[in-house]
Amino acid sequence: MSGEIYVQAHPVDHLVRADRLPHIWCPGCGLGSATACFASAMVDSGLPLDKQVVVSGIGCTGRVAGYLNVDSFHTTHGRAIPFAIGLKLANPELQVTVFSGDGDMFAIGGNHFLHAARRNVDLNVVCINNFNYGMTGGQFGPTTPLGARTTTTPHGNAEPPFNLVHVASSLGAVFVARWTVLHIRQLHRSMLRALDKRGFRFIEVLAPCPVGFGKSNDIGEGLDEMWFYRRQCVIDPETDLAQATIEMKHDSRIVLGDFVDIERPVFRPSGWEE
Amino acid sequence: MIAAAERRVLAGRHFMNGDTACAEGALAAGCRFFAGYPITPSTEIAERLAERLPRLGGCFVQMEDELGSMAAILGASWAGAKAMTATSGPGFTLMMENFGLGLMTETPCVIVNVQRGGPSTGLPTLVGQADVMQAKWGSHGDYEPIAYAPASPQEMFDLLIAAFNAAERYRMPVLVMADEVVGHMTEGVTIPPAEELHLVGRKRPPAGANGWLPYAADGDLVPPMPLAGEGHHIHVTGLTHDERGYPATDAVVQDQLVRRISQKVQVHAAEIISLEELLTHDAETIVVSYGCTARSARQAVLAARERGVKAGLLRLITLWPFPGERMRELADGSRRFVVAEMNLGQMAREVERHTRAPAVWVTHAGGAMIPPTAILRAIMEAAT
């Protein structure tokens with residue numbers, strides 16, 4: 001074949017801890033794409049990499065911090081946000097991103113999310129939503145769609161899930177977006193917008209977890225889920241977020257977009273001078 | 001600017017509440033970050049720091065719970081701040097999660113527990129000393145904690161400085177196991193001038209060092225600590241990790257790491273342990289006590305002496321590491337031990353383990369001071 005291109009290096013190689021490879025993620029997982037996308041956004045944001053910090057909780061997404069070659073913290077389950085608050089308040093020069101999963105951030109860590117958003121703490125928050133607890137082998141979580149089969153819902157999930165973008169928006173997050181790892185260019189632009197803003201910023205990223213969710217829910221492998229996103233997703237930034245639930249069914253839509261971009265006073269501890 | 005007018009160290013003689021003295025001790029020690037959640041009987045510490053910290057250029061933040069409070073002070077410490085929280089039993093239980101993260105990631109900070117009666121909600125407004133074994137074993141896994149037990153508002157000041165110094169010196173969370181009586185008592189407190197305070201800062205990578213490994217320990221088993229934002233690109237994890245901080249979940253690394261973080265305390269035990277001995281040189285009966293109960297024990301020992309009984313007091317100013325060596329020295333076979341504490345025998349078992357002899361236990365589940373008469377009776381019983 002003529003015209004082959006040989007690539008010697010990837011543009012964000014320097015942001016990956018190559019000495020930690022191979023990573024732990026399964027074939028078909030969406031985390032690699034989301035992490036690479038965020039690494040590009042960190043570089044393209046123009047913010048000094050030495051001042052960018054990534055904090056993760058526990059779970060498959062919790063491992064993202066450890067693969068990024070910046071100051072990175074892999075904390076306890078659910079506590080990435082309060083840990084990040086400590087870092088940010090003690091050194092306001094840092095650009096702190098919390099990068100964690102749906103279970104970590106909205107089940108065990110839900111209360112911290114709630115209050116950090118309410119306060120409008122200056123944090124960039126990226127949540128990878130794969131609709132289940134992947135690390136422990138595919139149990140249902142707070143975003144698992146109603147009726148879905150997981151290892152702890154063998155008879156179908158009986159609980160309605162959180163609609164994360166609606167939750168974030170209702171709490172006053174100043175930037176709210178939802179994309180998938182298929183929509184990588186839109187996600188990259190969205191991450192750049194978030195990195196350029198102050199206050200509590202939230203991006204939900206839908207990602208395949210074929211092992212824990214896709215195969216047992218009539219979606220299939222990672223690539224099948226990417227096709228699913230292509231068929232089912234619509235981009236509508238003006239949508240009513242209250243209606244933007246995700247059912248992950250072949251006859252249901254998933255709404256994507258940069259939904260919220262507002263200004264609100266950024267959290268300053270009481271007694272701090274303006 | 002307000003900050004210039006505010007004095008960090010309120011040198012002078014004060015009539016001060018124990019919790020307030022604790023807050024002043026923290027400020028004098030250089031505390032720049034407090035995160036906490038209101039809980040009786042520790043709340044006055046937060047209230048004082050809410051007033052004072054922002055005026056000194058520091059940060060006070062009231063979190064949504066104690067889980068978040070403990071996580072926030074660890075984050076602040078990695079951003080370079082001397083950081084602390086203050087709580088009581090139920091909050092201390094929640095903090096055990098990230099106390100473990102602090103131990104595993106070797107993060108300096110101070111946790112004050114103004115103890116009340118437990119278990120559970122127990123006695124919110126009344127005294128207890130029943131969290132002392134939780135201090136030793138409350139978080140899962142093996143570790144060797146450092147814990148102080150102040151017995152007066154003066155020590156609420158002094159031991160906060162000691163606790164911050166130990167946290168920085170050994171790069172770990174350090175506990176101050178106060179109690180409601182000491183926290184709410186008002187007494188004379190002398191605060192020395194700032195220049196007379198001995199303050200310790202954490203060991204840092206040499207200037208100009210690039211890419212410093214956050215877990216490469218020196219000969220003293222304590223690794224110098226790089227900070228976020230300095231360009232080292234550190235990785236910090238609660239997983240078992242190697243010198244680079246990278247996860248290395250295997251049996252060899254686990255044993256090396258967990259032994260080192262225990263041994264860094266054990267090998268420095270002699271410089272960490274702090275005891276007060278009263279009339280122990282010729283004592284035939286030694287009362288072991290700590291915190292507010294040691295105040296009753298002191299009265300009981302003096303009363304026994306008045307009755308011609310050779311009693312002495314061994315007051316634990318540090319609970320952990322336990323002064324086992326000194327216990328063994330004192331336990332020469334002829335001496336008897338009385339242990340007075342406001343729990344059902346937590347440190348008494350530890351005393352017996354080291355002296356290899358049964359002690360007389362003076363215990364109470366909490367709610368009110370153990371009176372000197374109860375301890376005196378035990379001394380007289382032990383002496384006969």
Side-chain polar contacts of residues 38-48 of chain A - donor-acceptor pairs under 3.5 angstrom, sequence neighbours left out - could you list them?
from	atom 1	to	atom 2	distance (Å)
A:S40	OG	A:A36	O	3.1
A:D44	OD2	A:H188	NE2	2.8
A:S45	OG	A:M42	O	2.8
A:S45	OG	A:L47	N	3.1

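- The parts of B:L74 that come within reach of chain A are both its backbone and its side chain, each placing non-hydrogen atoms under 4.5 angstrom from that chain.
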One pair to check against side-chain contact (heavy atoms from CB on, under 4.5 Å): A:T76 and B:M104. What are the steps and the verdict? CA-CA 11 Å; A:T76 39; B:M104 194 62 152; over 6 Å; no
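- Residue B:L53 does not touch chain A at all, counting heavy-atom pairs closer than 4.5 Å.
- To the nearest 0.5 Å, atom CG of residue B:L101 and atom NE2 of residue A:H77 are 14.0 Å apart.
- Contact annotation for residues 242-258 of chain B against chain A (heavy-atom separation below 4.5 Å, listed by residue number): B:R244, B:Y246, B:P247.
- To the nearest 0.5 Å, atom CZ of residue A:R268 and atom SG of residue B:C59 are 10.5 Å apart.
- For the pair A:W272 (side chain) and B:G58 (backbone), a donor-acceptor distance under 3.5 Å is present.
- Here the rule is side chain to side chain donor-acceptor pair (under 3.5 Å) with B:E64, and of A:H115, A:R118, A:R119 only A:R119 fits it.
- Atom CZ of B:F99 has more than 12 heavy atoms from other residues, nucleotides or ligands within 6.0 Å.
- Neither the backbone nor the side chain of B:E51 comes within contact range of chain A; no heavy atom of the residue lies under 4.5 Å from a heavy atom of that chain.
- Counting all heavy atoms, side chain and backbone alike, B:P54 lies closest to A:S270 at CG-O, 3.4 Å.
- In this structure, CZ in B:F33 is found 5.0 Å from CG in A:L89, a value given to the nearest 0.5 Å.
- With chain A as partner, the option from B:R32, B:M63, B:M70, B:E97 having the largest number of non-hydrogen pairs under 4.5 angstrom is B:E97.
- By a heavy-atom distance cut of under 4.5 Å, B:E230, B:G231, B:H232, B:H233, B:I234, B:H235, B:V236, B:T237 are the residues of residues 230-237 of chain B near chain A, going up by number.
- For B:F60, the CZ atom sits in a packed shell: over 12 heavy atoms of surrounding residues, nucleotides or ligands are nearer than 6.0 Å.
- In terms of heavy-atom pairs under 4.5 Å with chain B, the best-connected choice from A:N69, A:V53, A:I85 is A:N69.
- B:G229 and A:L94 get closest at one heavy-atom pair: CA-CD2, 3.6 Å.
- For A:T75, the parts lying under 4.5 angstrom from a heavy atom of chain B are both the backbone and the side chain.
- The shortest distance between side-chain heavy atoms of A:H74 and B:H241 does not fall below 4.5 Å.
- Proximity to chain A (any heavy atom under 4.5 Å) is shown, for B:A228, by both the backbone and the side chain.
- Side chain of A:N91 to main chain of B:A79: no donor-acceptor pair is present (N/O by atom type, distance under 3.5 Å, no hydrogens or angles).
- Listed in order of number, the residues of residues 193-202 of chain A that approach chain B to under 4.5 Å between heavy atoms amount to none.
- Among the candidates A:S72, A:A80, A:P82, the residue making the largest number of heavy-atom pairs closer than 4.5 Å to chain B is A:S72.
- When each of B:L227, B:T105, B:N98, B:V61 is checked for heavy-atom pairs under 4.5 Å with chain A, B:N98 comes out on top.
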